[in-house]
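Sequential numbering from 1 along the given sequence is applied to the chain's residues. FYI, side chains are in, hydrogens and waters are out, and symmetry mates aren't considered; it's all heavy atoms of this structure.
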Amino acid sequence: MGDDVLRPLLTAYLHFVDVLGPHIVNLRTTLQAEREARRNVDWSRNLRDADRLASLVDTHLRTGQPLPRLECGQMTKRLRSGWDPKDPLLDVNFQQLLRPTGRDISRALLVQARPLMEEAVAEVGTEYVWCRNAPDVPRADTGELIPWSLPLSSKGVDALIRVAGHACTAATSALTGMRSSELMELTVGCRRSDDADGTRPGPAPAGQQGRKRAAMGRRSR
């Protein structure tokens, strides 16, 4: 790969890892905690308290926050079950909206609260819950400060985490010359500390040790 390709590619990788990486790590931690909490919720219990639902919707209206948006795959399931494609509530994520109650919405409550919900969607709309109001970071090309991410669905977050992992692997490979087999030997916590901060460097990963031994062998020939 020539420098005309490698240089911009590596610049993009490093921007992804150094600038976006810390935000992605925090997002991954938050998503994992959310999923763990959801596993402990009995979603078979439906909410029938119209006042409680109205209170949650009113919070969104008062703060101007969009209602939570449903994943595309779940929207497809609704359409297959008979929902009207033009239904204004088609992409509303009721489970996420009712997350503070630990319940899903009952069919009867949905019918009762439909006018209120449609009014709320018309006023504040819907949006994915992850990365709303994301902190600003500098663009890689101009340095202009922009939100580090647009709002994402849960699947979008999963995809972003995978991309971040690929960027880390590619950057490590490009900067160190490590082979793919050596990269696969890296484990969590294997990064060596920088001796400039006064700490003592830890042991090199197994792959790096093997590469160093091979290099020493070639020099001794």
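- Side chain of Arg132 to main chain of Gln65: no donor-acceptor pair is present (N/O by atom type, distance under 3.5 Å, no hydrogens or angles).
- Evaluation of the salt bridge (charged side-chain N to carboxylate O under 4.0 Å, His left out) rule for Asp141 yields Arg139 as partners, not counting sequence neighbours.
- Atom CD1 of Ile105 sits about 4.5 Å away from atom CG of Leu110, to the nearest 0.5 Å.
- Side-chain atoms of Glu71 and Gln96, non-hydrogen and from C-beta on, never get closer than 4.5 Å to each other.
- In terms of hydrophobic clustering, with Ile, Leu, Val, Met, Phe, Trp and Tyr side chains grouped at heavy-atom distances under 4.5 Å, Leu10 and Val17 are assigned to different clusters.
- Among residues two or more places apart in sequence or in another chain, the side-chain contact (heavy atoms from CB on, under 4.5 Å) test is passed with Met75 by Leu70, Leu90, Asp91.
- The shortest heavy-atom contact between Cys72 and Tyr128 is SG-OH, 3.6 Å.
- The shortest distance between side-chain heavy atoms of Asp49 and Arg103 does not fall below 4.5 Å.
- Applying the salt bridge (Lys or Arg N to Asp or Glu O under 4.0 Å) test to every pair with at least one member in residues 152-162, sequence neighbours left out, gives these pairs: Arg35-Asp158.
- The hydrophobic cluster containing Leu20, built from Ile/Leu/Val/Met/Phe/Trp/Tyr side-chain heavy atoms closer than 4.5 Å, also comprises Phe16, Val19, Ile24, Leu27, Leu31, Val129, Trp130, Val137, Trp148, Leu152, Val157, Leu160, Ile161, Val163.
- Evaluation of the side-chain contact (heavy atoms from CB on, under 4.5 Å) rule for Leu183 yields Thr169, Thr172, Ser173, Met178, Leu186 as partners, not counting sequence neighbours.
- In the hydrophobic clustering, where aliphatic and aromatic side chains (Ile, Leu, Val, Met, Phe, Trp, Tyr) are joined below 4.5 Å either directly or transitively, Val25 stands alone.
- Screening Thr126, Asn93, Leu98 for a side-chain contact (heavy atoms from CB on, under 4.5 Å) involving Pro68 leaves a single residue, Asn93.
- Here Arg62 pairs with Asp58 under the salt bridge (charged side-chain N to carboxylate O under 4.0 Å, His left out) rule; sequence neighbours left out.
- Rounded to the nearest 0.5 Å, atoms CE (Met117) and CG (Leu53) are 5.5 Å apart.
- Here the CG atom belonging to Leu6 is positioned 9.0 Å from the OG1 atom belonging to Thr11, to the nearest 0.5 angstrom.
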Please test Arg78 against Asp87 for side-chain contact (heavy atoms from CB on, under 4.5 Å), starting from the C-alpha separation and ending with a verdict. CA-CA 11 Å; Arg78 284 185 179 179; Asp87 192 325; over 6 Å; no
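- With a 4.5 Å cut-off on side-chain heavy atoms, Gln95 and Asp104 count as touching.
- Applying the salt bridge (charged side-chain N to carboxylate O under 4.0 Å, His left out) rule to Glu118 yields the partners Arg114; only residues at least two apart in sequence or on another chain are considered.
- Enclosure of atom CG in Leu150 is not indicated, since only 12 or fewer non-hydrogen atoms of other residues, nucleotides or ligands lie within 6.0 angstrom.
- Note that CG of Asp4 is 11.0 Å distant from CG of Leu9, once rounded to the nearest 0.5 Å.
- For Glu36, the salt bridge (charged side-chain N to carboxylate O under 4.0 Å, His left out) partners at least two apart in sequence or on another chain are Arg39.
- Across Ala50 and Gln112, no two heavy atoms sit closer than the pair CB-NE2, 3.5 Å.
- Residues forming a side-chain contact (heavy atoms from CB on, under 4.5 Å) with Lys77 (at least two apart in sequence, or on another chain): Gln74.
- Sorted pairs that involve residues 69-93 and meet ring pair (Phe, Tyr, Trp, His ring centres under 6.0 Å), not counting sequence neighbours, are lacking altogether.
- Closest heavy-atom contact between Asn46 and Ser106: CB-CB, 3.7 Å.
- Applying the side chain to side chain donor-acceptor pair (under 3.5 Å) test to residues at least two apart or on different chains, none of the pairs has a partner in residues 14-33.
- Val124 is connected to Leu89 through a chain of hydrophobic side-chain contacts under 4.5 Å among Ile, Leu, Val, Met, Phe, Trp and Tyr, so both are in one cluster.
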